[in-house]
Participant: 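Mind looking over this structure? Questions follow.
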Amino acid sequence: MHSSSRNVPSSLLRSLTRMRRTVASTVGIAGVVAGTLGSAGPVQAAQPRPAPVACPASVGDKATCYTGKDGNGAYYAIAIPKKWNGSLIVHSHGGPDLGDGSDPERSVGDLDRWSVMVSEGYAWAGSSYRRGGYGTRMAAADTENLRRLFVADFGKPERTYVHGQSWGGNVAAKVVETYGRKNGPYDGALLTSGVLGGGSRGYDYRVDLRVVYQYYCRNLPRPDEPQYPLWQGLRPGSALTTAGLRARLQECTGYASAPGERTASQQRNLDDILAVTRLPERTLESHLRFSVFTFRDIVHSRLGDRNPFGNQGVWYSGSHDDTALNAGVERFSAAPDARRDLSYDSDLTGRVSIPVLTMHAIDDPTAFVEHESAYRATVDGARRGKNVVQTFTRESEHSELSNAEYADSIAALDSWARTGNKPTPRSIASACATFDRVYGTGCFYDPAFHPRPYASHVRPRPGGLTWPAMTSAQERSWSRIDGVGIAP
């Protein structure tokens with residue numbers, strides 16, 4: 001018995017011992033996948049065992065918690081309920097965070113945020129990923145790394161589910177396609193508030209924000225500062241901070257001021273930017289921040305200063321003078337190899353072989369609900385639509401949906417995986433009241449809702465109306481190219 005098992009309750013130890021016997025022939029060490037650009041890599045040498053720690057307050061004494069660092073440098077957190085139902089949820093977090101290394105606090109914070117899963121009796125494991133910055137396949141590999149580590153230390157669960165939130169939804173969907181074969185290690189996936197349009201199309205609205213903002217504001221960069229193409233997000237050596245970015249946004253639009261305190265010029269700039277980009281005012285700053293700092297990470301740190309973005313042929317509308325806007329906005333085209341690498345890293349093929357349940361707020365201000373249309377078109381294009389059920393709620397949040405709905409969703413997914421009986425949006429909505437009696441956070445499902453096409457929210461680029469954005473054939477072909485994608 002591993003030394004980390006000393007703090008597990010005796011009843012759980014007996015269960016874990018039985019599980020270990022069933023996998024002893026296949027699991028000999030704390031196996032960790034070395035993330036590669038294309039798929040799982042070789043198993044690495046043994047590493048330190050998970051260390052028992054105090055659980056977050058939201059978990060309390062309901063579970064035994066552990067933290068550690070895997071062989072690739074990714075910190076992680078694990079919680080095993082004292083009344084464990086035998087199944088595991090492996091969590092893929094959103095972001096991406098932009099720190100250089102793995103953040104030891106991130107996985108603990110995620111456990112605190114997703115303690116509802118532990119309350120429902122599931123073991124929970126979340127990775128902080130081996131580094132900050134963009135890298136969907138890397139994050140998927142780190143998620144799979146942690147699943148293998150859990151099995152090596154605590155035994156094979158009865159069922160294993162992957163959950164992804166926000167960009168983590170993209171990561172978890174990549175886990176499904178890369179590791180989620182039928183009768184494989186994953187039994188299902190829950191994707192909530194997911195960025196499911198993939199990287200090559202999923203950020204086009206932020207490309208549009210970046211160029212439209214600069215057309216009106218002329219302060220990022222200012223005329224007297226070093227100039228750079230806007231697809232860079234921010235020039236590599238810039239010392240601009242998020243506080244500095246907010247100051248420039250305030251200077252141009254007065255977004256942080258009450259409407260009556262804005263100048264006429266600020267109000268018109270704000271009105272035009274919001275109308276053209278179709279972004280909600282309350283998340284304008286966060287979207288602009290992504291189009292500046294995360295774009296710099298993607299372009300400079302991950303793609304070697306190659307441009308994966310384009311806006312040629314896009315007609316911007318909704319401003320007080322669309323003709324002037326379209327004549328003056330900066331234009332550029334993606335470098336084909338850069339777009340290929342971003343697509344290979346983050347786009348989805350739709351080849352789904354296990355049950356996938358999604359949940360998305362209709363008025364999500366960050367990952368707008370039409371991402372679900374992109375995902376539906378992707379899985380339907382791959383003829384795998386039968387494996388996906390999508391649900392929608394009348395909420396206006398991105399990362400703080402109702403705990404009753406999260407508990408309801410994982411229960412519906414678990415039942416689907418165990419029985420083979422596929423739920424419907426209506427059956428899931430009907431079951432939510434049972435969980436709300438426990439959590440009291442409300443049930444806001446709208447079973448009749450269907451989102452509009454993705455192109456109704458994001459101005460499509462040439463060729464951008466068909467899905468999948470990356471076919472399985474393209475993925476196979478690109479995987480043979482040395483160095484394709486984004487390095488871990």
Side-chain angles (χ1 to χ4, degrees), residues 92-99 103 105-106 109-110 113 129 132-134 136 139 164-171 192-199 201-217 219-220 230-234 238 240-259 262 266 269-299 301 309 346 360-372 395-401 457-459:
S92 299
H93 76 70
D97 301 333
L98 296 181
D103 178 5
E105 301 301 322
R106 178 65 198 242
D110 289 337
R113 172 65 188 87
Y129 311 147
Y134 203 83
T136 307
Q165 173 86 9
S166 190
W167 177 60
N170 189 188
V171 174
T192 57
S193 309
V195 180
L196 301 176
R201 299 179 187 175
Y203 305 128
D204 281 344
Y205 70 105
R206 286 168 168 157
V207 174
D208 295 338
L209 170 61
R210 188 67 183 87
V211 299
V212 169
Y213 175 87
Q214 183 63 7
Y215 171 80
Y216 288 110
C217 297
N219 66 5
L220 199 59
L230 297 181
W231 50 261
Q232 288 187 338
L234 188 65
S238 174
L240 183 72
T241 64
T242 54
L245 176 67
R246 294 187 191 102
R248 296 190 188 207
L249 178 59
Q250 172 68 11
E251 169 192 295
C252 176
T253 68
Y255 82 106
S257 301
R262 296 169 186 155
Q266 286 176 328
N269 287 339
L270 182 61
D271 290 344
D272 279 341
I273 291 169
L274 295 177
V276 174
T277 61
R278 305 167 185 169
L279 294 173
E281 183 174 337
R282 63 192 171 113
T283 53
L284 175 61
E285 183 269 329
S286 65
H287 287 298
L288 184 62
R289 189 165 11 101
F290 192 105
S291 75
V292 173
F293 298 109
T294 307
F295 276 17
R296 177 172 63 175
D297 174 77
I298 292 172
V299 171
S301 301
F309 305 122
S346 60
H360 217 118
I362 293 170
D363 193 26
D364 187 327
T366 300
F368 47 85
V369 73
E370 287 82 5
H371 274 277
E372 296 288 341
E395 291 171 278
S396 302
E397 300 300 328
H398 175 59
S399 296
E400 298 290 337
L401 303 184
H457 196 109
V458 179
R459 294 173 172 83

Participant: Can any side-chain N or O of Q266 pair as donor or acceptor with the backbone N or O of Y255 at less than 3.5 Å?
Facilitator: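 The answer is no, because no donor-acceptor pair under 3.5 Å joins these two groups.
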
Participant: Answer yes or no: is there a side-chain heavy-atom contact under 4.5 Å between T294 and Y203?
Facilitator: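 Counting from C-beta outward, T294 and Y203 never come under 4.5 Å.
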
Participant: Using the six-membered ring wherever Trp is involved, compare the ring planes of F309 and F295 and label them parallel, tilted or perpendicular (cut-offs 30° and 60°).
Facilitator: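 If you compare the ring of F309 with that of F295, the planes turn out parallel.
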
Participant: Kindly give the heavy-atom pair with the smallest separation between E397 and P365, and that separation in Å.
Facilitator: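 In terms of heavy atoms, the two residues are closest at C-CD, 4.0 Å.
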
Participant: Quick one: closest heavy-atom pair of F293 and L240, and the distance?
Facilitator: CE2-O, 3.4 Å

Participant: Testing the basics here: between N170 and L196, what is the closest heavy-atom pair and its distance to 0.1 Å?
Facilitator: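 Smallest heavy-atom distance, with atoms named: N-CD2, 4.2 Å.
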
Participant: How long is the straight-line distance from CD of Q232 back to OG of S238, given to the nearest 0.5 Å?
Facilitator: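 S238 atom OG to Q232 atom CD measures 11.0 Å (nearest 0.5 Å).
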
Participant: I'd like to check L245 versus R289 (side-chain heavy atoms, cut-off strictly below 4.5 Å). Are they in contact?
Facilitator: yes

Participant: Just how far is it from atom CG of N219 to atom CD of E251, taken to the nearest 0.5 Å?
Facilitator: 5.0 Å

Participant: Does the side chain of Y215 pick up a donor-acceptor pair with the side chain of N269 at under 3.5 Å?
Facilitator: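 No donor-acceptor contact under 3.5 Å links the two side chains.
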
Participant: To check you understand the geometry: which heavy-atom pair defines the closest contact between L401 and E395, and what is its length?
Facilitator: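 Reported closest heavy-atom pair: CA-OE2, 3.6 Å.
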
Participant: Measure the spacing between CZ of F290 and CH2 of W167 and express it to the nearest 0.5 Å.
Facilitator: 9.0 Å

Participant: Report yes if the side chains of L209 and L284 come closer than 4.5 Å at any heavy-atom pair, otherwise no.
Facilitator: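 Yes - at least one pair of side-chain heavy atoms lies under 4.5 Å apart.
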
Participant: When you measure from the side chain of S346 to the backbone of G199, do you find a donor-acceptor pair of N or O atoms at a distance under 3.5 Å?
Facilitator: yes

Participant: Enter the distance from H457:NE2 to L279:CG here, rounded to the nearest 0.5 Å.
Facilitator: 6.0 Å

Participant: If I compare all heavy atoms of Q214 with all of L230, which pair ends up nearest, and what's the gap?
Facilitator: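 Reported closest heavy-atom pair: CB-CD1, 3.6 Å.
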
Participant: Whether the side chain of R106 engages the backbone of H93 through a donor-acceptor N/O pair (distance < 3.5 Å, no angle test) should be reported.
Facilitator: no

Participant: Which atom pair, heavy atoms only, marks the closest approach of G133 to D297?
Facilitator: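 So the minimum-distance heavy-atom pair works out to CA-OD2, 3.4 Å.
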
Participant: NE2 of H371 to OG1 of T366: how many Å apart, nearest 0.5 Å?
Facilitator: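 Spacing of NE2 (H371) from OG1 (T366) equals 10.0 Å.
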
Participant: CZ/R248 to OH/Y213 distance, rounded to the nearest 0.5 angstrom?
Facilitator: 8.0 Å

Participant: Give a yes or no answer on whether the side chain of S193 reaches the backbone of Q165 with a donor-acceptor pair at less than 3.5 Å.
Facilitator: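 Checked: no pair found.
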
Participant: State whether the side chain of R210 and the backbone N or O of W231 hold a donor-acceptor pair below 3.5 Å, judged by distance alone.
Facilitator: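 It does not hold such a pair.
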
Participant: Would you mind reporting whether S92 and Y129 have side-chain heavy atoms less than 4.5 Å apart?
Facilitator: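 Touching, per the 4.5 Å side-chain cut-off.
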
